[in-house]
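The structure appears below as structure tokens.
Read the numbers this way: they start at 1 and go in the same order the structure lists the ligands and their atoms.
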Amino acid sequence: MADYKKDDQLIATHLGDEYEKYLGSIIPPIFMNSLHVFDNIEEYNDKTKRKPDSYFYGRVSNPTTHIVERKVAAMEHAEYGLAFASGMAAATTALMSVCKAGSHIICVKNAYGVLTGYIDNYCVPELGMSVTYVNGENLEEFEKAIQPNTDLIILESPVSLVFTVQDIRGVTALAKKHNIKTYIDNSYCTPIFQKPLDMGVDIVMHTASKYLGGHSDIIGGMLATSDEAIFKKASMLREMLGGIIGPMEAWLVMRGIRTLDVRVRRHAKIALEVATWLEQNEKVGKVYYPGLASHPQHELIASQQSGSTGLMSFEFKDASREQVCKFVNELKIFKIGVSWGGFESLVCTPMYPSTPEHAAEAGCGWGIVRIHCGLEGAANLIADLKQAMEAAGI
Ligand SMILES: *Cc1c(COP(=O)(O)O)cnc(C)c1O
């Protein structure tokens, strides 16, 4: 019998089932309540007198939320999990749990833009922190960036535009030597394809708005860690800043997680077919997909992630801005929109709102097109890409 605290499929389907507690219902209920009441005032006034699984107030914790936290923690091989109202609530809380005024942060330059925006527009000017951005593709860069006051290294592997990866084991070994905490955004791989804590990372973050939720119907976030001090600080900050997820959303994340394994494996299969078709298409230049054997970091990828999911980017060899925009407008199944990780296919041109120089800095061309391969079937997605290329005269 597999250990249901260690086996991803058993964790996703059954961890947290307590039939005797919930009248034998196959699905745990949604606890839509803001507070819990007590039998006597002594219990209410003194935490130590409360039952071990007691709850107090909904900004602190909630039984439905707690099941999701246990599931994500178990899948990430972590001791503790915390659920948040968004990925950004999770990310900012994690940063504040480790850093203080004056801290120095090392961050992968193509990390999620709202997080780098938080660092640049708030942590640096308001809290006197400093930051060094690195490409993330070689270890020496990280080593060179370390300062006496470096408290945190922020990773996102792969990054969700140009899909480069960082040497996670190498970075965490270096960080431990210098007593620096490490954080990774694991939203792209999900715990099905990458286990950062096993590679020495201190904090794993997820946006549950992407694959964990999986149905484009919620916003949510998660942290997982085995570091008790970080967990306590993050719990305190969540209570104070009020960033906990709502019970309805927590329940929907739980529902999403039950099928996470089958969904991401199907996204992976479809995306690999699409990426391979793109790579072989004479009109297409570069394809950025960590699942391709031609990826420049293929060996490193194979050593730290067991799969890639549905998101990728590509560039045409020779297409004007007008043609690229027409191509996007002509797509029928791929809808124009931000985000990814749901059942549906999406497309955007992340660099057109910015400048060609900014694109070059990020390591891509201005005309880069990002697609999320949903669950509509590889043949349908390829046919859609093909007809849109023809319609745009590419
Ligand atoms: C969407 C996203 C986030 C932010 O998550 P929200 O739930 O939207 O706050 C963080 N990291 C990555 C990689 C994302 O794609």
Next on the checklist: Give me the residue, atom name and distance of the protein heavy atom closest to atom 7 (O) of ligand 1.
Outcome noted: Ser209 OG, 2.6 Å
Checklist entry - Where do Trp366 and Arg321 land on the side chain to side chain contact (heavy atoms under 4.5 Å, CB included) test, with the steps shown first? => result CA-CA 9 Å; Trp366 198 33; Arg321 180 177 180 155; 2.9 Å; yes
Checklist entry - Nearest protein heavy atom to atom 9 (O) of ligand 1, by residue and atom, and its distance? => result Met88 N, 2.8 Å
Checklist entry - Starting from atom 6 (P) of ligand 1, which protein heavy atom do you reach first, and at what distance in Å? => result Gly87 N, 3.4 Å
Item to check | Within reach of ligand 1, part of Trp340 (heavy-atom separation under 4.0 Å) | outcome: side chain
Next on the checklist: Distance alone, cut at 3.5 Å: any donor-acceptor contact between the side chains of Asp227 and Thr225?
Outcome noted: no
Checklist entry - Sub-3.5 Å donor-acceptor pair from the side chain of Gln323 to the main-chain atoms of Ser320, do we have one? => result yes
Next on the checklist: Considering both backbone and side-chain atoms of Glu156, is one of its nitrogen or oxygen atoms within less than 3.5 Å of a nitrogen or oxygen in ligand 1?
Outcome noted: no
Checklist outcome for this item: Near Met205 (heavy-atom distance under 4.0 Å), the atoms of ligand 1 are 10 (C)
Next on the checklist: Less than 6.0 angstrom separating the ring centers of Phe316 and Phe327, yes or no?
Outcome noted: yes
Checklist outcome for this item: closest protein heavy atom to atom 13 (C) of ligand 1 is Asp185 OD2, 3.3 Å
Next on the checklist: Counting non-hydrogen protein atoms only, what is the nearest one to atom 4 (C) of ligand 1? Give residue, atom name and distance.
Outcome noted: Tyr112 CE2, 3.3 Å
Checklist entry - Out of curiosity, is Gly220 lining ligand 1, as in a heavy atom under 4.0 Å away? => result yes
Checklist entry - Of Phe343, Phe334, Tyr211, which is the lone residue that meets ring-ring contact (aromatic ring centres under 6.0 Å, His included) with His372? => result Tyr211
Item to check | Over 12 non-hydrogen atoms of neighbours within 6.0 angstrom of NZ in Lys232 | outcome: no
Checklist entry - What about Ile219: any of its N or O atoms under 3.5 Å from an N or O on ligand 1? => result no
Checklist entry - For atom 14 (C) of ligand 1, what's the nearest protein heavy atom and its distance? => result Lys210 NZ, 2.8 Å
Item to check | Backbone or side-chain N or O of Ser160 under 3.5 Å from ligand 1 N or O | outcome: no
Next on the checklist: With no hydrogens and no angle check, just 3.5 Å: does a side-chain donor-acceptor pair link Asp384 and Gln387?
Outcome noted: yes
Next on the checklist: With a 6.0 Å cut-off (strictly less than), is the heavy-atom count around CG of Leu23, excluding the residue itself, greater than 12?
Outcome noted: no
